[in-house]
Protein chains: 4
Amino acid sequence: MDKRQHILEVATKLFSERGFEKTPLSAVCEAANVSKGLIFHHFKNKNNLLREIFKSTTELIVQINESKTNQLSGKERLLELIDSFFLQLEVDKLFFQLNLNVILQPTTREILNDLIEERSSFIMKSVRRIFNEIDLENSLVKSYLFIAELDGIALNYLGIFEDYPLHEIKEELIKKYN
Amino acid sequence: MDKRQHILEVATKLFSERGFEKTPLSAVCEAANVSKGLIFHHFKNKNNLLREIFKSTTELIVQINESKTNQLSGKERLLELIDSFFLQLEVDKLFFQLNLNVILQPTTREILNDLIEERSSFIMKSVRRIFNEIDLENSLVKSYLFIAELDGIALNYLGIFEDYPLHEIKEELIKKYN
Amino acid sequence: MDKRQHILEVATKLFSERGFEKTPLSAVCEAANVSKGLIFHHFKNKNNLLREIFKSTTELIVQINESKTNQLSGKERLLELIDSFFLQLEVDKLFFQLNLNVILQPTTREILNDLIEERSSFIMKSVRRIFNEIDLENSLVKSYLFIAELDGIALNYLGIFEDYPLHEIKEELIKKYN
Amino acid sequence: MDKRQHILEVATKLFSERGFEKTPLSAVCEAANVSKGLIFHHFKNKNNLLREIFKSTTELIVQINESKTNQLSGKERLLELIDSFFLQLEVDKLFFQLNLNVILQPTTREILNDLIEERSSFIMKSVRRIFNEIDLENSLVKSYLFIAELDGIALNYLGIFEDYPLHEIKEELIKKYN
DNA sequence: CATGAATGAGCCTTCATTCAT
DNA sequence: GATGAATGAAGGCTCATTCAT
C-alpha cells in the first residue's frame with residue numbers, strides 16, 4: 001500500500017473534521033499509523049501537505065467537469081451540474097467543509113492563494129461556457145450569481161441552518177433554471 | 001474610557017484580520033495596551049471573549065433590522081435589505097470575514113453553537129416575514145434561497161474571486177427581485 | 001458579624017479540603033463572599049493568612065490541654081488524652097488533614113517554621129508531664145513513641161488505608177497503656 | 001545515557017526537596033539539562049511524571065520486601081524490617097518526605113489514588129504475614145498499629161521535631177517487639 | 001523509506017498582589 | 001472597612017520541525 005497516499009487520505013479526513021489549524025500532525029500520525037518523520041519525508045511540512053490535499057481535490061473537480069459528455073445542450077449540462085452538486089453536497093459534507101474553511105481562514109488562505117485562484121478561475125470558465133450557450137446577455141454576472149447561489153447553499157447547509165430543506169431547494173433551483 | 005469595551009473592539013478587529021485561532025491573546029493585549037490578566041478578569045477566557053464579540057455583532061444585526069420603518073411594503077423592504085447588505089459588505093469586509101470564518105471552523109463553531117443558532121433563526125424570521133408579504137407561494141424555500149444568495153456573494157467576494165463585480169451583481173439581484 | 005473571623009473560618013475549611021497551595025485566594029473570596037482587597041487588608045498576604053490559621057488551631061490545642069482538670073492521675077489523664085484524640089480525629093478529619101499537610105509541604109513548612117516548633121514543643125511538654133508521672137524510666141523516648149503512634153494513626157486513617165478500623169485500634173491502644 | 005531515566009531521577013529529587021506542586025517543570029528541565037518538550041514526549045504531562053515516580057518507588061519497596069530470605073522466623077523478619085526501615089529513614093529522608101507529602105496533599109493524593117491503594121495493600125499484606133506468624137491473636141490490628149508507629153516516627157522525624165532521638169527510639173521499638 | 005527522540009517557540013491560563021476609589 | 005479593576009510573573013502544555021539512526 002502506498003503510504004504517501006494513505007497519509008493524504010487520512011489527513012484530508014482529519015483536516016475536514018477538525019480544521020487544518022486544529023489538527024496536529026501527531027493526530028494524523030496516529031490515525032494513519034505512521035511516524036512523524038515520514039510525513040515530513042513525503043510532504044516537507046504541514047503547509048505543503050495541505051497544498052497537496054487541495055490540489056488533489058481540485059483535480060477531482062476538474063475530472064468531474066471534463067468527463068461530462070459534451071453532446072448535451074447548455075441547459076442540460078447546467079441541470080446536470082446542479083444535480084451533481086447536490087449529490088456531492090450530501091455525500092461528502094466534509095469535502096465542502098474543508099474547502100470553505102481553508103478559504104475563509106486568513107492563514108490557510110495565504111498558503112493556498114495561487115491554488116485557490118487557479119481552481120476558481122477553472123470553475124468560473126466551466127460555468128461561463130454553459131451560460132454562454134444558454135443566454136448570451138450578461139452571462140458573466142449570471143455565472144457569478146449562479147456560483148454564489150451554490151456556494152451559499154453549501155454554506156448554509158453545512159454551517160448555519162439545522163434541518164436545511166436541501167431537496168426542496170434543489171427543486172426550486174431546477175425550476176428556476178429550466 | 002471603558003477598557004472592557006476597548007478590548008472587545010480591538011479583539012474584534014484582530015480576530016477578523018487574522019482569524020480567531022491564529023490571534024494570540026498577547027497580540028490583543030499589545031494592540032489594546034492592556035495586560036493579559038485584564039482580559040481574563042473581564043472575559044474569563046479566550047473562548048468567552050469570542051462569544052462576547054459574536055453576541056455584540058448579533059445585536060448589531062438585530063438593531064439594523066428592527067430599526068427599519070415598517071411603513072414600507074414587502075418589496076420595498078426587500079430592496080432596502082439588499083441595499084444595506086451590499087453597503088455593509090463593502091464598508092466592513094472584516095465583519096463578514098470573521099462571521100463566516102468562525103462558523104466554518106469546527107472548533108469555533110462549537111464554541112458559538114447556541115449563539116449561531118439564535119442569530120440565524122432571527123435572520124430567517126426577518127427574511128421570511130418579508131417574503132410572506134410578497135409572494136405567499138413557497139416563501140420558506142425562497143427565503144432560504146435568498147439568504148443563500150447573499151451569503152454566497154459575500155463568500156465569493158471575500159474569499160474566492162478577485163475583481164468581484166459587486167455592483168453589477170447587486171444590479172442583477174435588484175432586477176431579479178423587482 | 002466579624003468579617004475577619006469569617007474569612008479565617010472559610011479559609012481554614014478550603015485550605016483543609018484542597019490544600020493551601022491549591023486554594024487560590026479568589027476561591028476564599030467567593031466562598032466567604034468578600035472582596036480580594038479585604039483579605040489583604042486584614043491579613044496582609046496569603047502566607048500570613050495561613051499563619052493566622054495555624055496559630056488559632058494551636059490555641060485550640062492548648063486550650064483543650066489546659067482545661068483538663070489536673071485532679072486526675074497520670075494514667076487517667078493519658079487515657080483521657082487518647083480518648084479526646086480519637087474523638088477529634090473522627091469529628092474533624094480536615095483539621096488533621098490540613099495540619100499534617102502544611103507540615104510535610106516544604107514551602108508551607110518554611111512559612112510556619114517557628115509556629116510548628118512552638119506547638120510541638122508544647123505538645124511534647126504536655127505528654128512528657130503525663131509520662132513522667134506514670135513511669136520514670138525512659139519517659140522521653142516513650143513520649144516520643146506515643147506521639148508517633150497517634151500521628152501515625154492519623155496519617156494512616158486520613159491518607160492511606162480505606163476502611164481503617166479506628167475503633168479497634170483505639171481499644172488496642174487503651175489496652176496497651178493501661 | 002537514557003534521558004527518560006535521567007529525567008525520572010532528577011524529578012524525584014526535586015519533587016522531594018521542594019514538593020511536587022512547587023517544582024515547576026522548568027526547574028526539572030534545567031536540572032536535567034533537557035528541553036521541556038522532552039518531558040512531555042516521555043511522560044505526557046506533569047501528573048503522569050509523578051505517577052511514574054511513585055510507581056518506581058513502589059517497585060523499590062516491593063523488591064526490598066521480596067528479597068528477604070524467607071528462611072527466617074517471624075520475629076527475626078520483623079526485627080530485620082525495623083532495621084531496614086530506620087536505615088532507609090536516615091539514608092534517604094527525601095524518599096519519605098516525598099511519599100508522605102503526596103499522600104497528604106489532596107491534589108496529588110487524587111492523582112495517585114489507585115497507586116497508593118495498591119502500594120499500601122501490599123505493605124499491609126507483608127506486615128500481616130509476619131504478625132500472623134508471631135502472634136495469632138489480633139494480628140490485623142497489631143499490624144495496623146505497627147505500621148502507624150513507623151509512619152508516625154517518620155513523620156515526626158522529618159517534619160516536626162528537631163533533634164529527634166532516632167536511635168533511642170529504634171532501640172525502644174526493638175525492645176518492645178522482641 | 002521509516003522511526004522517534006529531542007528541541008524551542010509560543011500559547012492559554014492562573015494567581016498573588018497593588019492601588020485608586 | 002471594603003471593592004474590584006489592573007498588573008505581571010510564572011506555569012503547564014502543544015506542536016511543527018529537525019536529525020541521527
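Every chain is numbered from 1 and lettered A, B, ... according to where its sequence line falls, protein lines coming before strand lines.
- When the nucleotides dG12(F), dT17(E), dC15(E) are ranked by their closest atom to the side chain of Phe40(D), dG12(F) comes out on top.
- Picking from dT3(F), dA6(E), dT7(F) the nucleotide with the shortest atom distance to the side chain of Ser35(C) gives dT3(F).
- Rounded to whole Å, the distance from CZ on Arg4(B) to P on dA5(F) is 10 Å.
- The interatomic distance linking His42(B) (NE2) with dC15(E) (P) rounds to 19 Å, in whole Å.
- With the nearest nucleotide of DNA chain F identified for both Leu25(A) and Ile39(C), Ile39(C) has the one nearer the 5' end.
- Comparing dA5(E), dA16(E), dC13(F) against the side chain of Lys46(C) picks out dA16(E) as the nearest.
- For the pair Ser16(B) and Gln97(B), the tightest heavy-atom approach, listed with the atom from each and the gap, is O-CG, 3.5 Å.
- Comparing dA6(E), dG4(F), dA16(F) by their closest approach to the side chain of Lys36(C) singles out dG4(F).
- Put simply, CG on Leu49(A) is 10 Å from P on dT17(F), counting in whole angstrom units.
- We find that NE2 of His6(B) is positioned 16 Å from C1' of dA5(F), with the value rounded to whole Å.
- Atom CG of Asp2(D) and atom P of dG4(E) are 16 Å apart (whole Å).
- As rounded to whole Å, 10 Å separates atom P of dC12(E) from atom CG of Asn47(B).
- Along DNA chain F, the nucleotide nearest Thr23(D) and the nucleotide nearest Gly37(B) are compared for position; the residue whose nucleotide lies closer to the 5' end is Gly37(B).
- Thr23(B) and Arg18(B) form no side-chain donor-acceptor contact under 3.5 Å, judged by distance and modelled atom types alone.
- Around the CD atom of Glu17(A), the shell of radius 6.0 Å holds more than 12 heavy atoms that belong to other residues, nucleotides or ligands.
- Remark on DNA chain E: of its neighbouring residues Asn33(D) and Ser26(B), the 5'-side contact belongs to Asn33(D), judged by nearest-heavy-atom nucleotide.
- Glu21(C) has its CD atom 13 Å from the P atom of dG11(F), to the nearest Å.
- Inspection of the Glu59(C) and Gln63(C) side chains reveals no N or O donor paired with an N or O acceptor under 3.5 Å.
- In this structure, Leu38(C) places its CG atom 15 Å from P of dT18(E), rounding to the nearest Å.
- Proximity of His41(B) to the phosphate of dC15(E): no side-chain N or O atom is located under 4.0 Å from OP1 or OP2.
- With both pairing distances under 3.5 Å, dG12(F) is matched to dC11(E) as a Watson-Crick or G-U wobble pair.
- Under the Watson-Crick and G-U wobble criteria, each requiring two contacts below 3.5 Å, nucleotide dA20(F) is paired to dT3(E).
- No side-chain donor-acceptor contact under 3.5 Å links Lys22(D) to the backbone of Thr108(C).
- For Lys22(C), no side-chain nitrogen or oxygen approaches OP1 or OP2 of dG11(F) to under 4.0 Å.
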